[in-house]
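Read through the structure below, which is laid out as structure tokens, and then see the notes.
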Amino acid sequence: MNRTIGYIVLAVLIGFMGGYFIFGTPSKKTDMEAHSQEGKRQSQIWTCSMHPQIMQSEPGDCPICGMDLIPAESESDEVTKGQFKMSENAMILANITTTKIGSNSSRGQTLSLSGAIVANKEAVAVQASYFEGRIEKLFLNYEGEEVRKGQLLATLYAPALVSAQQELLTAANLKKTQPSLYKAVRNKLKLWKLTDAQIDKIESSGKVREHFPVYANVSGTVSEVMVAAGDYVEKGAPLLKIADLGTVWAVFDAYENQVSLLKEGQSITVKVKSFPDKRYEATISFVDPVLNASTRTVRVRAVLKNTDGQLKPGMFVTGMLHESSGIRDSALVVPESAVLWTGERSLVYVKPDSLTPAFELREVHLGNTVDEGYTVLSGLEKGEAVVTNGTFTVDAAAQLKGKNSMMNHNHKEGHSGTSHEVQMTPQK
């Protein structure tokens, strides 16, 4: 009997121990997992796909746009150094699209040059003083005034001219006995650009004139006033520059990689920003043989007719040379919308892997303008995908993640660790 009770007690103890190991351990494991999930949930940061500057420790609505917050991506989502990820939801909402770059295959190729209207220097006359003296009065005081030939420009007090007039009056009394002296004195006054009528008037009046007029030699527009009333000028000193604006120059800056496409006599279509509906057809009259070492550009010039006077010096213009200029079809072309301009560099965002929503900033060297895009000289390879829509959204995400962006890009860090020299081709 006692043995039977012992067996029963032993069986009960074995049952309790088995139940503990079977049911007690999973319960402890479940509690640990619950604590782990709770800790993970508490460390999760929530953000807005449209306003990534919003960071909260719990889910909810964006205080700016009211959208549901989404889990923020951790630093472990970074693919490689210099790259960063964006959520698929953020990409969809920002309508970010990419385009694979390739060779230019269209026939409407165009080389675009930027420049400005300047006065035709071949038609600019310098109005000089033919005798030294003090400017008593200046009748033209600002640039842009219209001038007619023979118009009074200024009056001067010239001591030497006063003495020469006294000599003339003395010689006039002796012209019958000493005609050669009289003639010499008159010629002296003519060298100072006094006319026969002016000399005769001095002689007939018998009075010395103290203030002498200066008359315009040509008609045109005053392009520069070089003196002021009260100034003392030397003989031959410039007073004014008068430009004939019946023709003007369109002067463009061409980068050195574009020089081989340009030559004198080439047809060029000129658009003036002030008159977007007008087109001026011209020919290239001059290509500067010297490269500007500081800007790495060459000046290109075309002459435009300006009979109506609408073209004003200083106006911005764009010159376009079409496919007959010999632009190559094989060049890589990046869409214009993909390029970010910083004033010193040209940048694009590249999506290295089509399956991963990761981007990296790339500095590129661009050449000619072709078909609403730019030829790529370095920085990109054929087949690479660049962001063509939503570029600024991608750049904002890069700034918020502390990655290279157009505002803080180190130009020494180029593609594959190389440095790319950058030349900006002005946009159309």
Side-chain angles (χ1 to χ4, degrees), residues 115-158 160-161 164 186-199 201-202 209 211-253 264 270 272 274 280 282-290 299-317:
I117 296 293
V118 300
N120 184 347
K121 293 184 179 179
E122 294 177 347
V124 175
V126 178
Q127 183 74 46
S129 173
Y130 297 105
F131 41 85
E132 62 178 318
R134 184 180 65 248
I135 299 177
E136 293 296 316
K137 192 171 183 179
L138 192 63
F139 296 95
L140 295 175
N141 299 303
Y142 60 90
E143 298 174 3
E145 289 190 75
E146 294 294 327
V147 175
R148 297 295 178 187
K149 184 177 180 179
Q151 180 177 334
L152 179 63
L153 301 179
T155 56
L156 275 74
Y157 170 73
L161 198 55
R186 286 185 67 96
N187 288 337
K188 181 179 179 180
L189 292 172
K190 287 181 180 180
L191 291 176
W192 282 329
K193 297 298 180 180
L194 269 68
T195 64
D196 285 326
Q198 287 176 309
I199 297 172
K201 187 175 181 180
I202 295 170
R209 188 171 184 177
H211 300 137
F212 263 82
V214 177
Y215 297 104
N217 295 329
V218 296
S219 299
T221 303
V222 176
S223 60
E224 185 177 356
V225 180
M226 309 176 76
V227 293
D231 288 351
Y232 192 90
V233 295
E234 299 291 336
K235 181 179 179 180
L239 305 177
L240 305 166
K241 286 186 179 180
I242 301 175
D244 180 2
L245 299 181
T247 60
V248 292
W249 285 351
V251 179
F252 306 96
D253 290 320
E264 293 182 12
V270 180
V272 184
S274 301
Y280 296 85
T283 57
I284 294 177
S285 60
F286 177 76
V287 178
D288 198 331
V290 179
R299 307 205 83 183
V300 180
R301 187 171 74 218
V303 180
L304 302 178
K305 292 182 179 179
N306 188 33
T307 52
D308 55 5
Q310 287 188 327
L311 299 177
K312 313 293 185 184
M315 286 182 172
F316 290 115
V317 294

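Residue numbers count from 1 along this sequence. Any value given below was found using the heavy atoms of this structure, including those in side chains, with hydrogens, waters and symmetry copies removed. Just so you know, these numbers come straight off a predicted model, no measurement behind them.
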Supply the atom-to-atom distance Y130 OH to L189 CG, rounded to the nearest 0.5 angstrom. 15.5 Å
For E132 and K235, which heavy atoms make the closest approach, and how far apart are they? CB-N, 3.7 Å
Note: H211 and Y157 closest approach over all heavy atoms is CD2-CB, 3.8 Å
Starting at CG of L239, measure out to CG of L156 and round the result to the nearest 0.5 Å. 7.0 Å
Does some side-chain heavy atom of F286 sit less than 4.5 Å from a side-chain heavy atom of W249? no
Set of side-chain contact (heavy atoms from CB on, under 4.5 Å) partners for A243, sequence neighbours left out: A119, V124, S223, L245
For the pair K241 and Q127, evaluate side-chain contact (heavy atoms from CB on, under 4.5 Å) and give the outcome as yes or no after the intermediate values. CA-CA 6 Å; K241 286 186 179 180; Q127 183 74 46; over 6 Å; no
Flag the pair Y280 / L311 as yes when at least one side-chain heavy-atom distance between them is below 4.5 Å, and no otherwise. yes
For the residue pair L140 and V225, what are the closest heavy atoms and their distance? O-CG1, 4.2 Å
What heavy-atom pair brings T283 and A302 nearest, and what distance separates the two atoms? O-CB, 3.4 Å
The residue among V287, V290, D253 that forms side-chain contact (heavy atoms from CB on, under 4.5 Å) with R299 is D253
Partner set under side-chain contact (heavy atoms from CB on, under 4.5 Å) for K137, not counting sequence neighbours: F139, T155
Start with the C-alpha distance between D288 and R301, add both sets of side-chain angles, then the distance that settles salt bridge (charged side-chain N to carboxylate O under 4.0 Å, His left out), and finish with yes or no. CA-CA 8 Å; D288 198 331; R301 187 171 74 218; over 6 Å; no
For K190 and D196 the tightest heavy-atom approach is CE-OD1, 2.6 Å
I need the S129 OG to F212 CZ distance, nearest 0.5 Å. 12.5 Å
Test item: K312 side-chain N/O and G309 main-chain N/O as donor-acceptor pair under 3.5 Å: yes
Here the side chain to side chain donor-acceptor pair (under 3.5 Å) pairs for residues 138-154, sequence neighbours left out, are E146-T221
Do F252 and V317 make a side-chain contact, defined as non-hydrogen atoms from C-beta onward lying under 4.5 Å apart? yes
Any side-chain heavy-atom pair from V248 and V118 closer than 4.5 angstrom? no
Only one of N217, V222, L138, V147 clears side-chain contact (heavy atoms from CB on, under 4.5 Å) with L153; which? V147
Residues in side-chain contact (heavy atoms from CB on, under 4.5 Å) contact with Y215, at least two apart in sequence or another chain: L152, Q198, P213
Are the side chain of D244 and the backbone of G246 linked by a donor-acceptor contact shorter than 3.5 Å? yes
Evaluate the side-chain proximity of V126 to L240: yes if any heavy-atom separation is below 4.5 Å, no if none is. no
Partner set under side-chain hydrogen bond (donor to acceptor under 3.5 Å, both in side chains) for T247, not counting sequence neighbours: N120
For D231 and A228, work out which heavy atoms get closest and say how close. OD2-N, 2.8 Å
Without swapping roles, check the side chain of N187 against the backbone of L191 for a donor-acceptor pair under 3.5 Å. no
Please enumerate all residues that pass side-chain contact (heavy atoms from CB on, under 4.5 Å) together with A128, with sequence neighbours excluded. none
